[in-house]
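Bear in mind that the values here come from a model prediction, so they are computed numbers and not experimental data. Excluded from the calculations below are hydrogen atoms, water molecules and symmetry mates; all remaining heavy atoms, backbone and side chain alike, are included.
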Amino acid sequence: MKAAVEQVFNGSLTQQAIGAAYDATRINRGKHTGQFNLGPGQVDKFVGPAPLGVANFGESSLAIPSPLVHPVKITDDLFWVFGSDGAGGAATRRVQLWTWVPSTNTYTFVGAITLTFPTATAHTVRGFRAILENYSTGTVSVAGTAVTGVGTAFTAQCVGSRIGFGSTDPNQITQWFSISAIGSDTSITLGAAAGTIAAGTPFVIQDLMIVQATTNATATNGGLFVTKGLRFEDFQNPALSIPAATTVDKIKATYWLRDAATITNDVIGGCALQDRTSWTEQYVFCTEGAASSLQLYRYNIRAPLTPVAGAFTLTGTDIVITGAQTVTGTISQANNGRVGTLQHGPGSGVPSIYLFTSTRILRVPLANVVAGSTNFVADSMAEVVPGGTNTQIAGASFVGMDIAGSLDKLVIAGPSNSGIIYVTDYYTGGQQIDRRAGALTPHLPSALRDTDLPIYVHNPGNNVPFLWVEDGWLFFIYSQSTTANVNALTAYPLAADDDFQADVPNRVILPQISLGAAAARFYRVLVNAAQNIGDWAMGVAPDAYRVQVRTSGIADNSGAWVHVPADGDLSGVSSAASIQFGLLFRTAGVIMLPARILSLAVLYETADALPSQYDWNFGDSSETNGTYGWVQRSLFGAALGVHTINIYRADTNALVLTQASTGTSNGNFQVWNGSAWVAGLGSDVIGTKRRFVPTGSLPSGVDLIAEITVA
């Protein structure tokens with residue numbers, strides 16, 4: 001008998017949490033994929049890559065346009081996203097904070113801070129970083145507002161930061177306290193009493209800093225600025241004012257790190273951040289130049305300071321300045337520079353700074369940043385379009401770049417009128433770029449848009465985008481301008497792409513389908529996917545997906561996957577009592593709107609639902625009362641044995657009714673005598689019609705499967 005089993009992804013199936021151990025009975029998600037429920041619409045309940053949320057910077061309650069962002073991962077399902085102030089140059093600059101929850105597709109505006117600079121003339125932010133570090137060495141005891149440490153080094157921390165007790169994991173802290181004073185390496189004063197906490201208690205201090213590279217209306221008033229002693233609670237609505245530093249280090253204030261008494265890094269273009277080495281050493285690399293003459297400045301942003309009027313001139317190894325090297329193209333001042341270590345190409349395994357000009361991606365090994373050097377750029381990459389110029393039009397300029405570390409790729413934004421996003425290895429030998437994604441459309445991501453238009457990654461007209469990749473998520477600002485309806489941010493599951501499956505497992509593995517007994521054969525898998533997201537007038541067709549199948553290694557996730565052909569044909573799949581499907585997705589495609597899979601069904605032939613002497617007779621069957629009919633097609637060659645019918649739920653394979661032909665407690669076996677149905681089985685004659693009419697209760701609203709055996 002041909003049978004079918006379906007899976008519907010409307011929330012009725014349980015899924016594993018992100019990062020949880022494999023479970024063959026549940027939907028197993030990746031970090032960037034899973035089962036989602038966005039609302040009541042038919043295409044709102046699905047499995048697939050995470051949907052896109054949007055943070056409308058210019059249309060929030062504080063309406064702070066942000067051309068640059070820095071997302072900080074808190075957990076797999078929580079990010080803090082910091083945005084710099086892109087409004088016209090001013091003596092103060094705001095920084096806003098949003099939270100983003102991938103599993104619910106939700107951005108929430110938290111608030112902002114207003115930073116006062118030691119140089120009170122008009123600043124324009126060119127580079128922006130948010131740094132969150134946790135300190136938990138030693139243990140503490142607490143009495144009211146007094147914290148006493150054992151094995152601690154509190155003087156390396158900042159007044160204004162926050163501390164929590166009971167765990168070294170900040171995600172386990174339920175109550176935070178501000179640090180109002182640091183007396184010594186073993187003494188802290190809190191801003192509010194924390195009660196009495198016993199000695200030996202673990203703790204964690206969160207150190208939050210903002211680093212900004214600015215140019216200034218008075219050129220020598222720009223440069224590199226660090227705001228210390230921040231905490232999540234500082235981001236408020238209305239914005240909390242943070243003062244300029246004066247003469248005290250490591251307090252909640254903004255400090256000016258100068259390269260000289262009169263700065264020379266006055267055409268700064270970014271602040272590439274290296275990982276922290278210690279609490280007194282962490283380097284930021286800043287570009288100098290907006291034409292084709294490039295210098296690099298290396299600042300130690302954690303150097304101990306003795307500021308005067310909020311400024312401190314770094315010396316010695318805390319500041320390193322190269323000479324000038326001529327490069328091809330115009331040096332960008334749009335948050336230029338990323339520190340990373342790719343595992344391919346000429347820089348494989350080499351910690352390097354990757355920079356961009358209008359026509360080149362540059363690589364500078366960190367070891368090449370030497371005082372006075374004029375030969376620090378090791379190699380560069382030009383734009384060679386996928387398929388060649390007879391296949392695609394070249395963008396002819398780069399406007400943004402980031403390193404996708406988990407994918408071992410560069411992600412590059414093309415010119416504003418192209419919609420180009422390149423996802424590629426770093427090539428220096430004229431090879432073609434690996435992949436072009438993204439499109440140019442007139443669609444706006446405005447909070448006031450008609451919601452029949454979905455949110456997806458694209459370039460809305462002649463707008464310069466900004467991109468950042470963090471943990472496989474592409475954080476994409478549609479426009480760096482202050483125009484409210486296009487200055488918006490979305491996070492996109494770039495790492496969910498099939499091509500990156502080896503690096504970031506994002507296959508959606510569906511629950512195994514147990515058939516009770518081995519199928520005689522598998523016919524086909526039928527998949528229902530959203531063909532259009534939004535309405536018919538403004539909707540957008542999502543990107544592609546692929547289906548995989550396996551019938552072995554299901555219990556322990558060891559089985560190899562086989563791609564299902566486009567028509568769903570499973571005729572080549574071996575017979576088995578269980579079958580499982582996996583889903584792969586295209587996310588680095590031209591239409592950056594991921595597929596949504598709504599349901600799936602597998603068609604198969606039951607192997608032991610009937611003895612070989614019978615065929616099902618659907619004319620004598622009834623879904624209304626649960627009657628099953630069958631007809632004899634060959635002889636048994638002996639007296640008919642006892643027949644037994646077992647009826648199962650198709651979704652869980654649970655037995656719901658059983659009856660032997662020797663009894664009638666749950667129903668009656670009947671035979672057609674030529675004019676009427678009578679009790680019994682009749683004789684061993686080809687063409688004889690038989691049926692079973694249940695009198696026992698059968699569940700309603702579910703599919704049932706019957707099995708008949710002869711003893």
Side-chain angles (χ1 to χ4, degrees), residues 64-70 82-96 114-130 209-227 242 244-245 254-273 284-299 301 309-314 319-322 324-325 327 329-338 353 355-358 362 398-401 464 466 468 477 479-482 487:
I64 302 172
S66 289
L68 314 175
V69 297
H70 191 175
F82 297 86
S84 66
D85 192 344
T92 60
R93 295 281 78 179
R94 296 167 295 177
V95 175
Q96 62 181 314
T114 299
L115 307 183
T116 301
F117 289 80
T119 55
T121 48
H123 291 268
T124 298
V125 179
R126 303 294 187 177
F128 177 75
R129 296 291 187 275
M209 300 170 59
I210 297 294
V211 179
Q212 296 185 93
T214 79
T215 54
N216 198 278
T218 302
T220 55
N221 281 351
L224 190 67
F225 297 84
V226 178
T227 305
I242 307 296
T254 298
Y255 297 82
W256 185 16
L257 304 186
R258 296 186 303 205
D259 64 86
T262 301
I263 71 159
T264 60
N265 198 184
D266 55 359
V267 190
I268 201 167
C271 47
L273 180 68
V284 160
F285 299 83
C286 297
T287 64
E288 170 69 14
S292 59
S293 180
L294 174 66
Q295 281 184 278
L296 291 177
Y297 287 59
R298 191 191 75 178
Y299 296 83
I301 61 171
F312 183 76
T313 302
L314 298 173
I319 183 71
V320 172
I321 306 172
T322 70
Q325 181 173 353
V327 296
T330 301
I331 301 163
S332 174
Q333 289 183 275
N335 214 34
N336 199 353
R338 305 287 189 272
I353 311 165
L355 310 162
F356 68 101
T357 71
S358 55
L362 312 176
F398 299 138
V399 300
M401 183 216 72
V464 178
F466 170 83
W468 184 282
I477 293 179
S479 174
Q480 295 185 38
S481 75
T482 60
N487 181 233

Visitor: Could you go through the side chain to side chain contact (heavy atoms under 4.5 Å, CB included) check for Val399 and Phe466 one step at a time?
Guide: CA-CA 8 Å; Val399 300; Phe466 170 83; over 6 Å; no
Visitor: Tell me, please, which residues at least two apart from Thr92 pass side chain to side chain contact (heavy atoms under 4.5 Å, CB included).
Guide: Thr114, Thr116
Visitor: Listed by chain and number, what are the side chain to side chain contact (heavy atoms under 4.5 Å, CB included) partners of Ser479, not counting sequence neighbours?
Guide: Asn463, Ser481, Val486
Visitor: Test your reading of the model: is there a side-chain donor-acceptor pair from Asp85 to the backbone of Ile64, 3.5 Å cut-off?
Guide: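 Not at all, since once roles are kept as given, no pair shorter than 3.5 Å links the two residues.
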Visitor: Of the non-hydrogen atoms in Trp468 and Val69, which two are nearest, and what is the gap between them?
Guide: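 That closest heavy-atom pairing would be CE3-O, 3.9 Å.
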Visitor: Among residues at least two apart in sequence or on other chains, which ones pass side-chain hydrogen bond (donor to acceptor under 3.5 Å, both in side chains) with Asp266?
Guide: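 Asp266 satisfies side-chain hydrogen bond (donor to acceptor under 3.5 Å, both in side chains) with no other residue.
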Visitor: Strictly distance-based, threshold 3.5 Å: is any side-chain N or O of Asn216 a donor or acceptor partner for the main-chain N or O of Thr121?
Guide: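 Side chain of Asn216 to backbone of Thr121: a pair is present.
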Visitor: Roughly how far apart are Arg258 CZ and Asn221 CG, rounded to 0.5 Å?
Guide: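 The distance works out to 10.0 Å.
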Visitor: Quick one: list whatever passes side-chain hydrogen bond (donor to acceptor under 3.5 Å, both in side chains) with Tyr255, sequence neighbours left out.
Guide: none
Visitor: Can you list the residues that meet the side chain to side chain contact (heavy atoms under 4.5 Å, CB included) rule with Ala217, with sequence neighbours excluded?
Guide: Ala122
Visitor: With sequence neighbours excluded, what pairs up with Asn487 under the side-chain hydrogen bond (donor to acceptor under 3.5 Å, both in side chains) test?
Guide: none
Visitor: Between Gln333 and Thr215, do the side chains contain a donor N or O and an acceptor N or O under 3.5 Å apart?
Guide: no
Visitor: Any idea which heavy atoms bring Ile353 and Ala272 closest together, and the distance?
Guide: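 Looks like CG2-CB, 4.1 Å.
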Visitor: Look up atom CD in Glu288 and atom CD1 in Ile321, then write down how far apart they are to the nearest 0.5 Å.
Guide: 9.0 Å
Visitor: Before giving the answer on side chain to side chain donor-acceptor pair (under 3.5 Å), spell out for Ser84 and Gln212 the whole-Å C-alpha distance, their side-chain angles and the decisive distance to 0.1 Å.
Guide: CA-CA 9 Å; Ser84 66; Gln212 296 185 93; 5.5 Å; no
Visitor: Which atoms form the tightest heavy-atom contact between Ile268 and Ala213, and what is the distance?
Guide: CD1-CB, 3.5 Å
Visitor: Which residues satisfy the ring pair (Phe, Tyr, Trp, His ring centres under 6.0 Å) test with His123, sequence neighbours excluded?
Guide: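 Expected list: Phe117, Phe225.
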Visitor: To the nearest 0.5 angstrom, please state how far the CZ atom of Phe285 sits from the CG atom of Leu273.
Guide: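 Here the rounded value is 9.5 Å.
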Visitor: Got Asn265 and Tyr299 here, is their nearest side-chain heavy-atom distance under 4.5 Å?
Guide: yes
Visitor: Considering non-hydrogen atoms only, spot the tightest contact between Gly86 and Pro67 and give its length.
Guide: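 Where Gly86 meets Pro67 most closely, the heavy atoms are CA-CD, 3.3 Å.
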Visitor: Looking at Ser66 and Gly83, what are the two nearest heavy atoms and their distance?
Guide: OG-C, 3.5 Å
Visitor: Can you name the closest pair of heavy atoms from Pro65 and Arg94 and give their distance?
Guide: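 In this case the closest contact between Pro65 and Arg94 is CD-NH2, 4.3 Å.
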Visitor: Please answer whether the main-chain N or O of Thr330 pairs with a side-chain N or O of Ser358 as donor and acceptor at a distance below 3.5 Å.
Guide: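 Yes, Ser358 side chain to Thr330 backbone: donor-acceptor pair under 3.5 Å.
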Visitor: Take Thr357 and Leu294, measure what side chain to side chain contact (heavy atoms under 4.5 Å, CB included) needs, and give me the verdict at the end.
Guide: CA-CA 10 Å; Thr357 71; Leu294 174 66; over 6 Å; no
Visitor: Which distance, rounded to the nearest 0.5 Å, do you find between the OH of Tyr297 and the CD1 of Ile319?
Guide: 8.0 Å
Visitor: Does the pair Thr227 and Ile242 meet the rule for a side chain to side chain contact (heavy atoms under 4.5 Å, CB included), with working shown?
Guide: CA-CA 8 Å; Thr227 305; Ile242 307 296; 3.9 Å; yes
Visitor: So Leu296 and Leu355, side chain to side chain contact (heavy atoms under 4.5 Å, CB included) or not? Walk me through it.
Guide: CA-CA 11 Å; Leu296 291 177; Leu355 310 162; 4.1 Å; yes
Visitor: With Ala90, which residues qualify under side chain to side chain contact (heavy atoms under 4.5 Å, CB included), at least two apart?
Guide: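 Partners of Ala90 by the side chain to side chain contact (heavy atoms under 4.5 Å, CB included) criterion, ordered by chain and then number, come out as Arg93.
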Visitor: Please enumerate all residues that pass side-chain hydrogen bond (donor to acceptor under 3.5 Å, both in side chains) together with Trp256, with sequence neighbours excluded.
Guide: none
Visitor: Taking salt bridge (charged side-chain N to carboxylate O under 4.0 Å, His left out) as the test, write out the residues that go with Arg129, two or more places apart.
Guide: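 Residues passing salt bridge (charged side-chain N to carboxylate O under 4.0 Å, His left out) with Arg129: none at all.
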Visitor: Taking salt bridge (charged side-chain N to carboxylate O under 4.0 Å, His left out) as the test, write out the residues that go with Arg338, two or more places apart.
Guide: Asp402
Visitor: So, Thr287 versus Asn336: side-chain donor-acceptor pair below 3.5 Å or not?
Guide: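 Absent: no donor and acceptor within the cut-off.
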Visitor: How many angstroms lie between atom CG of Leu257 and atom CG of Leu224, to the nearest 0.5 angstrom?
Guide: 5.0 Å
Visitor: Working to the nearest 0.5 Å, report the span between CG of Leu68 and CD1 of Ile477.
Guide: 6.5 Å
